Amino acid sequence: MKKLLTILSTTALTVSLGTAASASGITNSVIKAAADNTSVNIIYNGQLLTYTDAVPENINDRIMLPFRAVLESMGADVDYDDASRLVTASRKDTTIKFTLEDDTIYVTKDGQNSEIKLDVPMIIKNDRTLVPIRFISNALGMQVGWDGDCQTVFVVDADSYIDTLTKDVPNLMALTKKDTASYNTSLLDLLLNIEESNPSDTKTKNMSVGLKLNSQTADKILSVIGTVNADLSDSGNSVTTVKDSMLDIILSDGKLYFKADLDKQLFDNIISNNLKNQLIADTISSEQWFCIDVNKLIDTVLKDFPENIKNIYKQLFSGDLAALNNSSFPELINTMLVCDGDATLQSAMQTDIMMDTYKVMDKYITVTDNSVEINLNNDFLREVLIIYGIPEEMTPQILDMLSLNMIVSVNYSEKEADSQMAMELSLNDKGHIVNISLDMTQLSKNVENLTPAQIPENAIDLTNLL
């Protein structure tokens, strides 16, 4: 379950990178900020900050923030010693000290001391200390950015988001505390059906995929043995069929090993007999193992991603489920939020959307000591649409075209966990209809004295081909 949440979390963050939609809270803040062209504004975790005296200023194309006002708005305690002109600010595990008009900030975080040289000097104006925007980012580990179109500083404070999330999503918190690492075997049965029809023609396309997978984890080696069945048809005529294709997968030490006769069956369907005899005999064998260096592949494909994001994906493919279970949900979310680089209008909106979506999802989850139930329906969709900036009055029209019903239930005992999922998703755009159904059952058990899978010795490395 925790691995599923990790995948959902990383996927939600990745998908949100491409959206131009915006959460309602930060939208209102941006509108207010854009309407005020007379001064610089600060939006902190989706909320527009207000000040009574000192305000942010743009001085010689440098954004200068009122130190005390900004830090107090973010929950810090600020103290000033007039005799030594020493300013001290404390917030959670971080303490900041500096002398007025000095160019060095002294930071103590988690007992570790460091110094920060300001890229531009602080200034004193109307008895108020103004510091450059970069200071907050460097000293407090926040993401800070500037948008000139609406004269606004955007601050993304992951720690504060996580504190709020921990309080606002009690069911998700309880769900992630379920220790699934103790279940070292699993039997999965999954059936996916997709049906598409279009009023412009009389054809109906169908696709079904079935998986039966038996997995086990021993000595941090995850092995999966199973079968794949698939059928693609067009107006009742079968196009491609795969029956009981054998599939073997082993995950160990950052490498994925696999063998299958799926390719051979697809060749049988697609290539004529004359060519088949020439091509298949020497090139395709259901007994041949292949491997992919997952860690190397992740480093290549996600080369522009921060290391903490890449490490989550590597952990997912490591076969060490216990490592994932030892990471709390807030830690996983925090890892995704604290990325390298500056905040932007887009990234601030994306973060706000993700946090609001988790809060909504929490309402549709019920967790007890021995069970979990997740029920996502059109009410959930309506709330998510509003988060993504869809006006509430437009949601009925969208929900006439889009329908969701998904129920997930898990019952736990000391030795096993019984999981079931049923989902129906329907899309109807002027008679162009797509119906998707997914049924899954999974029985996980704790079995003693498992023998770890043997790592294939002669696997062909495909990493450099991908």
Side-chain angles (χ1 to χ4, degrees), residues 2-4 6-7 180-190 209-230 240-271 276-303 310-325 440 442-466:
K2 191 162 297 182
K3 184 167 72 170
L4 173 61
T6 307
I7 297 171
T180 57
S182 59
Y183 304 123
N184 54 16
T185 67
S186 174
L187 181 61
L188 173 71
D189 195 342
L190 180 148
V209 177
L211 297 175
K212 292 183 181 293
L213 304 177
N214 195 340
S215 65
Q216 73 168 44
T217 302
D219 292 344
K220 298 183 180 181
I221 298 177
L222 171 64
S223 61
V224 181
I225 300 174
T227 59
V228 180
N229 287 277
T240 300
T241 301
V242 174
K243 293 183 178 180
D244 294 327
S245 173
M246 298 301 298
L247 177 66
D248 285 5
I249 297 174
I250 296 175
L251 275 169
S252 176
D253 197 25
K255 290 189 177 182
L256 183 149
Y257 303 84
F258 66 94
K259 69 174 183 177
D261 62 356
L262 179 63
D263 290 340
K264 181 177 184 301
Q265 290 202 35
L266 290 176
F267 255 55
D268 287 343
N269 282 309
I270 297 171
I271 299 180
K276 180 174 62 178
N277 293 333
Q278 300 174 23
L279 294 175
I280 292 181
D282 296 325
T283 59
I284 297 181
S285 169
S286 60
E287 297 304 315
Q288 176 63 57
W289 282 92
F290 300 89
C291 76
I292 298 172
D293 189 326
V294 177
N295 290 343
K296 183 177 179 181
L297 185 63
I298 290 173
D299 286 333
T300 301
V301 175
L302 305 181
K303 61 181 179 180
K310 290 190 286 189
N311 287 337
I312 288 182
Y313 286 99
K314 291 177 182 179
Q315 203 172 46
L316 285 172
F317 288 98
S318 69
D320 187 3
L321 299 184
L324 284 175
N325 279 278
M440 184 194 76
Q442 183 175 10
L443 182 63
S444 302
K445 292 184 177 183
N446 182 29
V447 178
E448 296 181 357
N449 301 321
L450 287 177
T451 301
Q454 294 296 311
I455 306 301
E457 295 181 356
N458 300 314
I460 298 175
D461 194 340
L462 302 179
T463 306
N464 294 329
L465 299 179
L466 300 177

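All residue numbers in this chain count up from 1 along the given sequence. Everything numeric in this text was worked out from a predicted model, so none of it was measured.
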- Item | Heavy-atom side-chain proximity of Gln442 to Ser186 below 4.5 angstrom | yes
- Query: How long is the gap from CG on Leu222 to OG on Ser215, to the nearest 0.5 Å?
  - Reply: 6.0 Å
- Going by heavy atoms in the side chains, are Leu188 and Met440 under 4.5 Å from each other? yes
- Message: Can a side-chain donor-acceptor contact be found between Lys296 and Asn464 if the only test is distance below 3.5 angstrom?
- Response: yes
- Query: Has the side chain of Thr227 got a donor or acceptor atom that lies under 3.5 Å from a matching backbone atom of Ser245?
  - Reply: no
- Applying salt bridge (charged side-chain N to carboxylate O under 4.0 Å, His left out), name anything that partners Asp299, two or more places apart in sequence or on another chain. Lys310, Lys314
- Query: Which value, rounded to the nearest 0.5 Å, describes the distance between Thr185 atom OG1 and Asn446 atom CG?
  - Reply: 7.5 Å
- Item | Heavy-atom closest pair, residues Leu462 and Phe258 | CD1-CZ, 3.8 Å
- Query: Are Asp244 and Asn229 close enough, and set up right, to give a side chain to side chain contact (heavy atoms under 4.5 Å, CB included), and what steps lead you there?
  - Reply: CA-CA 5 Å; Asp244 294 327; Asn229 287 277; 3.3 Å; yes
- Could you tell me the separation between the NZ atom of Lys255 and the SG atom of Cys291, rounded to the nearest 0.5 Å? 5.5 Å
Only pairs under 3.5 Å count here: list side-chain donor-acceptor contacts from residues 449-461, not counting sequence neighbours, and write none if there are none.
residue: Asp461; atom: OD1; partner: Thr463; partner atom: N; Å: 2.9
residue: Asp461; atom: OD1; partner: Thr463; partner atom: OG1; Å: 2.6

- Query: Measuring from Ile250:CD1 to Ile221:CD1, what's the distance to the nearest 0.5 Å?
  - Reply: 7.5 Å
- Message: Restricting to non-hydrogen atoms, name the atom on Gly226 and the atom on Leu213 that form the minimum distance, rounded to 0.1 Å.
- Response: CA-CD2, 3.9 Å
- Which atom names give the shortest non-hydrogen contact between Lys259 and Gln288, and what distance separates them? CB-O, 3.1 Å
- How many angstroms lie between atom CZ of Phe290 and atom CG of Leu256, to the nearest 0.5 angstrom? 12.5 Å
- Message: Let me confirm one number: the CG-OG distance from Asn184 to Ser444, rounded to the nearest 0.5 Å.
- Response: 9.5 Å
- Item | Pair Asp248-Tyr257, side chain to side chain contact (heavy atoms under 4.5 Å, CB included): steps then yes or no | CA-CA 8 Å; Asp248 285 5; Tyr257 303 84; over 6 Å; no
- Item | Leu297 side chain reached by Asn295 side chain, heavy atoms, under 4.5 Å | no
